[in-house]
Engineer: 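This is the structure, below, for whatever I ask next.
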Amino acid sequence: MVRRKVKAQKRRTQNEPCAICAQPLPEKYSVIDRIRAADGYTFENTRLLCEPCDRKVQEERGYT
Ligand SMILES: [Zn+2]
């Protein structure tokens with residue numbers, strides 16, 4: 001599955017905190033977010049977020 005692969009790659013190469021709030025990402029609850037939804041799950045088009053930030057982003061986009 002591409003999405004899982006990209007996520008694993010992100011975690012390995014970035015070692016970054018949440019892209020929004022800069023809190024360290026918990027191992028199990030990080031969420032991979034597409035910067036542009038139409039562009040799919042590519043390494044360049046994704047970022048890792050913590051779960052609360054992901055929820056906020058989804059709400060702002062009107063997905064809920
Ligand atoms: Zn966050």
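For ligands, and for the atoms within them, numbers begin at 1 and follow the listed sequence.
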Engineer: State, with a plain yes or no, whether a side-chain heavy atom of D33 is found less than 4.5 Å away from one of Q58.
Structural biologist: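 The answer is yes; the side chains approach within 4.5 Å.
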Engineer: Check the pair R55 / E59 against salt bridge (Lys or Arg N to Asp or Glu O under 4.0 Å), numbers first and verdict last.
Structural biologist: CA-CA 6 Å; R55 223 176 296 139; E59 274 167 27; over 6 Å; no
Engineer: What's the count of protein N, O or S atoms under 2.8 Å from the Zn ion (ligand 1)?
Structural biologist: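 Step by step: take the Zn ion (ligand 1), keep protein N, O, S below 2.8 Å, and you get 4.
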Engineer: List the atom of Q23, the atom of P17, and the distance in Å for their closest heavy-atom pair.
Structural biologist: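 Of all heavy-atom pairs spanning Q23 and P17, the closest is O-CB, 3.2 Å.
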Engineer: Using only atom types and a distance under 3.5 Å, with no angle test, would you say the side chain of K10 pairs donor to acceptor with the backbone of L48?
Structural biologist: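 Not a single qualifying donor-acceptor pair exists.
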Engineer: Is any side-chain heavy atom of R34 less than 4.5 Å from a side-chain heavy atom of D39?
Structural biologist: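 R34 vs D39: side chains apart.
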Engineer: Transitive ILVMFWY cluster of V57 at side-chain heavy atoms under 4.5 Å: who else is in it?
Structural biologist: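 Its cluster partners, ordered by chain and number, are I20, L49.
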